[in-house]
Protein chains: 2
Amino acid sequence: MENQELKNAGLKATLPRIKILKILENSRHRHMSAEDVYKALLDSGEDVGLATVYRVLTQFETAQLVKSHHFEGGHSVFELEHGEHHDHILCVKCGRVDEFVDEVIEERQNLIAERAGYSMTDHSLYIYGICPDCQKENG
Amino acid sequence: MENQELKNAGLKATLPRIKILKILENSRHRHMSAEDVYKALLDSGEDVGLATVYRVLTQFETAQLVKSHHFEGGHSVFELEHGEHHDHILCVKCGRVDEFVDEVIEERQNLIAERAGYSMTDHSLYIYGICPDCQKENG
DNA sequence: CAATATCGTGAGAATGTTTCGCATTTGGAG
DNA sequence: CTCCAAATGCGAAACATTCTCACGATATTG
């Protein structure tokens with residue numbers, strides 16, 4: 001039940017929050033922008049404000065229910081936390097997003113941060129390219 | 001001479017372009033936002049519009065004179081191309097930016113893209129952390 | 001149960017960044 | 001030196017995101 005997830009995160013189980021969580025869980029696309037979530041809410045007949053969507057997503061991120069990503073082009077997306085850390089590879093043509101994990105890279109990053117004297121808090125790696133489907137389509 | 005660099009890039013050597021190129025070359029900070037460049041221009045008594053700064057920086061990027069980066073927090077920065085590809089490690093406290101190159105990671109990225117069937121066009125890797133100086137300051 | 005403090009919300013205004021439209025200016029080829 | 005496409009400055013617009021605020025729902029207290 002979504003209610004419990006919210007309670008566990010220290011958030012009251014309000015309607016907008018439940019709805020937004022449901023949308024993130026049921027969406028075919030793992031990665032959704034605030035606008036996407038907002039549209040999905042309107043489509044399902046809900047009456048929430050865009051500001052609330054942003055507020056709730058930010059709260060979810062703080063509560064570590066979702067993770068946000070800032071892709072090129074100034075557009076951010078959110079995805080449910082689903083256990084393992086992973087990075088992203090995305091198609092510059094169709095916007096498709098795939099995920100991957102690479103232990104070697106993870107380790108190197110730690111090493112690099114350490115070598116530079118930084119205490120690493122986070123990192124983001126995005127690979128941009130053309131996905132298999134778009135390569136076919138295009139001559 | 002900047003004029004020549006611009007000509008080589010197929011751009012007319014206009015005053016704003018020359019000035020902006022100079023600013024990028026002389027600035028102590030390698031990474032500047034459009035706003036930074038704009039302020040620097042005003043400080044040196046030039047009369048350019050912010051729109052022109054954006055236009056010119058975009059042209060420079062197309063001409064591969066500069067490279068842009070989109071760090072977290074919705075603000076982009078530009079830096080002069082200076083030969084080697086490199087990635088960035090930045091301090092979440094003071095905004096300091098350092099650069100690094102790691103062949104192992106570069107190779108792994110190619111491998112990952114290939115394995116996923118993508119034809120890689122670009123990639124961006126940012127490591128976030130606390131820099132040595134900020135670690136000292138803070139208890 | 002009533003009085004009251006707190007929280008979450010929608011709507012719209014505000015902010016910050018980047019782009020656009022258009023009249024005017026300018027670089028540089030002839 | 002002249003002329004024109006290219007480039008520019010300006011204000012407005014587009015966009016994503018955040019803030020403000022009054023109100024309604026909820027929890028707390030006596």
Side-chain angles (χ1 to χ4, degrees), chain A residues 2-3 5-7 9-23 31-63 65-79 95, chain B residues 1-23 31-63 65-78 95:
Chain A
E2 284 85 5
N3 300 34
E5 283 185 66
L6 289 169
K7 297 264 179 63
L11 297 169
K12 274 200 222 170
T14 65
L15 208 77
R17 300 217 261 238
I18 294 171
K19 288 290 180 186
I20 290 174
L21 195 49
K22 270 202 165 78
I23 282 175
H31 304 83
M32 302 188 78
S33 68
E35 194 72 24
D36 291 338
V37 173
Y38 179 59
K39 287 208 195 89
L41 282 168
L42 294 189
D43 283 355
S44 63
E46 295 304 322
D47 181 32
V48 294
L50 185 52
T52 298
V53 174
Y54 277 103
R55 257 192 310 247
V56 170
L57 286 174
T58 305
Q59 290 160 348
F60 282 5
E61 188 176 10
T62 306
L65 289 175
V66 306
K67 182 115 186 54
S68 75
H69 299 284
H70 307 268
F71 298 149
E72 303 273 331
H75 125 149
S76 330
V77 298
F78 298 81
E79 71 175 318
Chain B
M1 208 83 224
E2 283 84 5
N3 299 35
Q4 206 47 51
E5 284 185 65
L6 289 170
K7 296 262 179 63
N8 292 345
L11 296 169
K12 268 202 226 173
T14 65
L15 210 77
R17 301 219 259 239
I18 294 170
K19 288 290 180 185
I20 290 174
L21 196 49
K22 271 203 164 76
I23 282 176
H31 303 83
M32 303 189 78
S33 68
E35 192 72 25
D36 291 337
V37 173
Y38 179 59
K39 288 208 194 92
L41 282 167
L42 294 189
D43 283 355
S44 63
E46 295 304 321
D47 182 32
V48 294
L50 185 50
T52 300
V53 175
Y54 277 102
R55 264 190 304 243
V56 170
L57 287 174
T58 305
Q59 291 159 350
F60 282 5
E61 187 176 11
T62 306
L65 290 177
V66 306
K67 181 115 186 53
S68 75
H69 300 284
H70 305 267
F71 297 151
E72 305 269 333
H75 76 208
S76 329
V77 298
F78 299 81

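Values below: every heavy atom of this structure, side chains too, minus hydrogens, waters and symmetry copies.
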Engineer: Output the distance between atom CZ (F71(A)) and atom OG (S33(A)), rounded to the nearest 0.5 Å.
Structural biologist: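 One finds 11.0 Å between CZ of F71(A) and OG of S33(A).
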
Engineer: On DNA chain C, compare the nucleotides closest to T14(B) and S33(B); which residue's is nearer the 5' end?
Structural biologist: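 Going by which nucleotide is closer to the 5' end, it is S33(B).
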
Engineer: Out of dA11(C), dA6(D), dT17(D), which has the shortest distance to the side chain of K12(B)?
Structural biologist: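 My answer, after comparing the listed nucleotides, is dA6(D).
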
Engineer: Just verifying a value: how many Å separate D36(B) CG and L41(B) CG, rounded to the nearest 0.5 Å?
Structural biologist: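 Between atom CG of D36(B) and atom CG of L41(B) there are 11.0 Å.
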
Engineer: Tell me which nucleotide among dT19(C), dG10(C), dT18(D) gets nearest to the side chain of T58(B).
Structural biologist: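 Given the options dT19(C), dG10(C), dT18(D), the side chain of T58(B) is closest to dT19(C).
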
Engineer: Might you point out which heavy atoms bring V48(B) and Y38(B) nearest each other, and give the distance in Å?
Structural biologist: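 Reported closest heavy-atom pair: O-CE1, 3.3 Å.
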
Engineer: Between L15(A) (CG) and dT26(D) (P), how many Å, whole number?
Structural biologist: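 It works out to 10 Å between those atoms.
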
Engineer: Is there a donor-acceptor contact under 3.5 Å linking the side chains of R55(A) and T52(A)?
Structural biologist: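 Per modelled atom types, R55(A) and T52(A) side chains form a pair under 3.5 Å.
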
Engineer: Considering every strand and a 4.0 Å limit on heavy-atom distances, what is the contact class for L50(B): base, sugar-phosphate, or nothing?
Structural biologist: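 Touches a base.
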
Engineer: Mind calculating the distance between CZ (F60(B)) and P (dA7(D)) to the nearest angstrom?
Structural biologist: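 Whole-Å distance recorded here is 11 Å.
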
Engineer: To the nearest angstrom, how far is Y54(A) atom OH from dA11(C) atom P?
Structural biologist: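 That distance rounds to 16 Å.
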
Engineer: Which listed nucleotide (dG28(C), dA16(D), dT9(C)) is nearest to the side chain of A13(B)?
Structural biologist: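 Nearest to the side-chain atoms of A13(B), counting from C-beta on, is dG28(C).
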
Engineer: Select one nucleotide: of dA7(D), dC20(C), dG10(C), the one nearest the side-chain heavy atoms of V48(A).
Structural biologist: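 So the nucleotide nearest the side chain must be dG10(C).
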
Engineer: Whole angstrom is fine here: how far is it from CG in L6(B) over to C1' in dG28(C)?
Structural biologist: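 Distance, rounded to whole Å: 14 Å.
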
Engineer: What is the distance from CD of E35(B) to P of dT15(C), rounded to the nearest Å?
Structural biologist: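 Result: 15 Å.
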
Engineer: Could you give the CG-to-P distance, from L11(A) to dT26(D), as a whole number of Å?
Structural biologist: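 It is 16 Å, rounded to the nearest whole Å.
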
Engineer: When you get a sec, tell me which of dG10(C), dT19(C), dC19(D) is the closest nucleotide to the side chain of A51(A)?
Structural biologist: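 Of the options given, the side chain of A51(A) lies nearest dC19(D).
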
Engineer: Given atom CG of L57(A) and atom P of dT18(D), what is their separation to the nearest angstrom?
Structural biologist: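 Answer to the nearest Å: 10 Å.
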
Engineer: Send over the distance from I18(A) CD1 to dA25(D) C1', rounded to a whole Å.
Structural biologist: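 The answer, rounded to whole Å, is 14 Å.
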
Engineer: For the CD1 atom of I18(B) and the NZ atom of K22(B), what is their distance to the nearest 0.5 Å?
Structural biologist: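 Rounded to the nearest 0.5 Å, the CD1-NZ separation comes out at 6.5 Å.
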
Engineer: Assign T52(B) to base, sugar-phosphate, or nothing according to its heavy-atom contacts below 4.0 angstrom with the strands shown.
Structural biologist: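 Base, at least one base atom sits under 4.0 Å.
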
Engineer: Could you check whether the side chain of R17(B) and the base of dG27(C) have a donor-acceptor pair of N or O atoms closer than 3.5 Å, going by distance alone?
Structural biologist: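 Not at all, since no donor on one side and acceptor on the other fall under 3.5 Å apart.
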
